[in-house]
Amino acid sequence: MYFSKLFVPTTRQDPSEAELASHKLMIRSGMIKKTAAGIYNWLPIGLNVLKKVENIVRNNLNNYGAQEILMPMVQPAELWKESERYEQYGKELLKFQDRSQRDFVLGPTHEEIMCEIFRSYPISYKDLPINMYQIQTKFRDEIRPRFGVMRSREFLMKDAYSFDINEKGMENSYLNMKNAYISTFDEIGLDYRIVKADAGNIGGDVSEEFHIIADSGEDLLAISDSSEFAANVEVLEYNKDPSELDGSDSPDGNGKLQIKRGIEVGHIFQLGQKYSEKMSATIKDSTGTDINVFMGCYGIGVSRIVAAAIEQNHDEKGIIWPYSIAPFHVNVICLDPSKEEVIKECQSVYQILRDAGHDVILDDRDIRAGNKFTDNEILGIPYSIILGPRNYANNKYEFLSRATGEKQELNIDEIKQILEEKK
Ligand code: ATP
Ligand code: MG
């Protein structure tokens, strides 16, 4: 991709309404543009990163045997009345009518639709387990949308649903999804923790959350310093300020609690028969008896991950992308694109790296070099090659790391080697 052809509306000023670094940087790097409170456009660079997260999530779910589907965002109110969530869910559920005054809701989650699909077919216990997921826009009319795409009203979620004949099966499906999540967050490469959680509006008895550790996180996590114990403080019983829990005894009797802040990026639930009873989603067991199916549901905040990754990886100059989700791996910064031999050399380096399978951008814009460097820092591209009339003597290029600031003089094969190891 040539920078001159790409719509990247970077700005130098911090937007006034933004409190979090990720929110500021996503606007300053031209990744997103607000349309209304909690409702955002994803511009080319932003969408590029969002798609990378989406694909890592998709590949890992597929590897763990989940099957992708796509459900409607518009859902009949009747289904929500059946599950009794039409009133229970509260004001986050956006309700509306079509031209014939039929009631609908805009999907904040899809347990009802999933049950409706399931109960429409004669599914045998032999067909189970089944696990289906989608990656889709959700709508929740949040009371205080804020922090950009971190807590928005419209956002991209991966939601998966498992179906089993009994509790044991459900536990296995849950564990399988938990492993899929571990593999997903490991691949993205962020510092995260898995904690016991409250099941909230979704329900069920067992649930765990995946949190990206960041000082700006909205949730407080209590993590034992010498056992597996880790919980969102909202599930703990205590009678002091939660921050005073720091250093207190772990509830499992092992070690002391450390309090950390986290951003919830995933949440997995064992639902049991909560929805299948209310919605009569049944299955025939080996004796031909109808059993309410045992469900699990599993969410990942795909768009929130983009913001959380920035929250964990930035400095005062801009974003520092983890390699796995960087919009580009290398930026070939052309210092003098008006000089024929310079731009030719840049294009040749660009093509060699592209042919080797790397995501490369060539900054060929006719603007001051200083602005190119500033944009490169805001955008957080992991590596750049700075190329001007004096910079490629003896076939060596100036190769710069965004994370460490280290500058090296390298030839093209050495550069390829470094990028290959990062893949
Ligand atoms: P929160 O506690 O942050 O409001 P939640 O517990 O209501 O989230 P879930 O129903 O568990 O959310 O949804 C699954 C995932 O979707 C969450 O773990 C989170 O990553 C993401 N998510 C939920 N609400 C939002 C939102 N308003 N904006 C962006 N992502 C969201
Ligand atoms: Mg949750």
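In listed order, ligands and their atoms are each counted from 1.
Nearest heavy-atom pair across Arg119 and Glu82 is NH1-OE1, 2.7 Å. Scanning both residues, Thr109 and Trp80, for their nearest heavy atoms gives O-CZ2, 3.7 Å. The minimum heavy-atom distance linking Gly148 with Tyr40 is given by the pair CA-OH, 3.4 Å. Heavy atoms only, all atoms of each residue included: Arg144 and Arg151 are closest at O-CD, 3.8 Å. Across all non-hydrogen atoms, the minimal contact from Pro327 to Lys52 is O-NZ, 3.7 Å.
Heavy-atom proximity to atom 13 (O) of ligand 1, evaluated over Met150, His267, Arg146, Met157, is greatest for Met157. Looking at Glu264, Glu209, Glu218, Lys158, it is Glu264 that brings a heavy atom closest to atom 18 (O) of ligand 1. Among Arg144, Glu92, Glu142, the residue whose heavy atom lies nearest to atom 27 (N) of ligand 1 is Glu142. Among Arg151, Lys138, His211, Arg140, the residue whose heavy atom lies nearest to atom 9 (P) of ligand 1 is Arg140.
In the displayed structure, Lys278 atom NZ is contacted under 6.0 Å by more than 12 heavy atoms of other residues, nucleotides or ligands. Asp355 CG: more than 12 foreign heavy atoms inside a 6.0 Å radius.
Close approach of ligand 1 to Val149 (heavy-atom distance below 4.0 Å) involves ligand atoms 29 (C). Heavy-atom proximity to Ser152, at under 4.0 Å, picks out these atoms of ligand 1: 26 (C), 27 (N), 28 (N). Within the listing of ligand 1, atoms 18 (O) sit less than 4.0 angstrom from a heavy atom of Gly266.
Within the 4.0 Å heavy-atom cutoff, Thr109 does not count among the residues contacting ligand 1.
Glu154 contributes no side-chain N or O that, together with a main-chain N or O of Thr137, makes up a donor-acceptor pair within less than 3.5 Å. At least one donor-acceptor pair closer than 3.5 Å links the side chain of Ser124 to the backbone N or O of Lys126.
Judged by the 6.0 Å and 45° rule, Lys158 forms no cation-pi pair with Tyr181.
In terms of protein heavy-atom proximity, atom 24 (N) of ligand 1 is closest to Phe155 CZ, 3.5 Å. Regarding atom 21 (C) of ligand 1, its nearest protein heavy-atom neighbour is Gly301 CA, 3.6 Å.
Distances under 2.8 Å from the Mg ion (ligand 2) pick out the protein N/O/S atoms Glu264 OE2, His267 ND1.
Contact check for Tyr383 versus Ile415: no side-chain heavy atoms found under the 4.5 Å cut-off.
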